[in-house]
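Read through the structure below, which is laid out as structure tokens, and then see the notes.
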Amino acid sequence: MAKKMDNQIVELLGENLLIDELLRAGLEVAYPARDKGIDLIVYKDKGKFLSRPIQLKSASDKSFSIDKKYKKIPKLLVVFVWGVGNYGKQDFYSMTYGDIEKVCKKWWKKKRQVKKRYSTSNPSKDLLNHIKPYRMSSEKWKKII
């Protein structure tokens, strides 16, 4: 049985897996000097400079979370990397805060607004179906900006 990875290792591996995906799609990546809700900046500079901030959520299995503090960051992409540590079998999902709110409203059905923070390490099949359109592929990464 494999030893469970600590959260810092999962974060570091998830970040590197995401960077690999973005670079393969022909995009560039930068690190902000301080973490104020932005983990990475993805950009392209061919002819016109375009960029998007990224908040990264890495997990060795599946985990979905939202925090209202991210709503205030313009153009923020929340990127979920699932399957960290399971080489070659990672899933990537990219959503804006607005996308996450829409998913949560459909998924929670009875609740009309997102709480301050929500997190689950065991997403239901219903939630997984709602986020399926946000699963990333090589072609989708190229259009992320």
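For the single chain, residues carry numbers from 1 onward in sequence order. No hydrogens, no waters, no symmetry mates; every other heavy atom, side chains included, goes into these values.
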[X] to [Y] - nearest heavy-atom pair and separation:
{"X": "V84", "Y": "V81", "answer": "CG2-CG1, 3.7 Å"}
{"X": "S94", "Y": "V79", "answer": "OG-CG2, 3.9 Å"}
{"X": "K132", "Y": "Y93", "answer": "CA-CE2, 4.5 Å"}
{"X": "G14", "Y": "L56", "answer": "C-CD2, 4.0 Å"}
{"X": "S121", "Y": "P123", "answer": "C-CD, 3.6 Å"}
{"X": "R135", "Y": "K140", "answer": "O-NZ, 3.0 Å"}

> Within a reach of under 6.0 Å around CZ of F49, are more than 12 heavy atoms found that belong to other residues, nucleotides or ligands?
Replying inline: yes
> Around atom CG of D6, are there more than 12 heavy atoms of other residues, nucleotides or ligands at under 6.0 Å?
Replying inline: yes
Mind checking whether [X] and [Y] sit in one hydrophobic cluster, side chains of I, L, V, M, F, W, Y counted as touching below 4.5 Å?
{"X": "Y43", "Y": "I38", "answer": "no"}
{"X": "V42", "Y": "L23", "answer": "yes"}
{"X": "L12", "Y": "I41", "answer": "no"}

Measure the [atom1]-[atom2] distance between [X] and [Y] for me, rounded to the nearest 0.5 Å.
{"X": "S58", "Y": "L17", "atom1": "OG", "atom2": "CG", "result": "8.0 Å"}
{"X": "R34", "Y": "K36", "atom1": "CZ", "atom2": "NZ", "result": "4.0 Å"}
{"X": "S138", "Y": "K143", "atom1": "OG", "atom2": "NZ", "result": "12.0 Å"}
{"X": "K68", "Y": "E101", "atom1": "NZ", "atom2": "CD", "result": "7.0 Å"}
{"X": "F64", "Y": "K57", "atom1": "CZ", "atom2": "NZ", "result": "10.5 Å"}
{"X": "K62", "Y": "S124", "atom1": "NZ", "atom2": "OG", "result": "11.0 Å"}

> When R52 is tested against each of L27, L77, L76 for side chain to side chain contact (heavy atoms under 4.5 Å, CB included), which residue passes?
Replying inline: L77
> Going through the checks in order, is the side chain to side chain contact (heavy atoms under 4.5 Å, CB included) test met by I66 and Y97?
Replying inline: CA-CA 8 Å; I66 182 173; Y97 186 88; 3.6 Å; yes
>> As a quick check of understanding, evaluate side chain to side chain contact (heavy atoms under 4.5 Å, CB included) for T96 and V78, giving each step before the final call.
In response: CA-CA 6 Å; T96 65; V78 180; over 6 Å; no
> When the ring centroid of F92 is compared with that of W82, is the distance short of 6.0 Å?
Replying inline: no
> I100 versus Y134: any side-chain heavy-atom pair under 4.5 Å?
Replying inline: no
> Got I54 and D39 here, is their nearest side-chain heavy-atom distance under 4.5 Å?
Replying inline: no
> Is E28 reaching over with its side chain to a backbone N or O of K44, donor-acceptor style, under 3.5 angstrom?
Replying inline: no
> side-chain hydrogen bond (donor to acceptor under 3.5 Å, both in side chains) with W141: which residues, sequence neighbours excluded?
Replying inline: E21
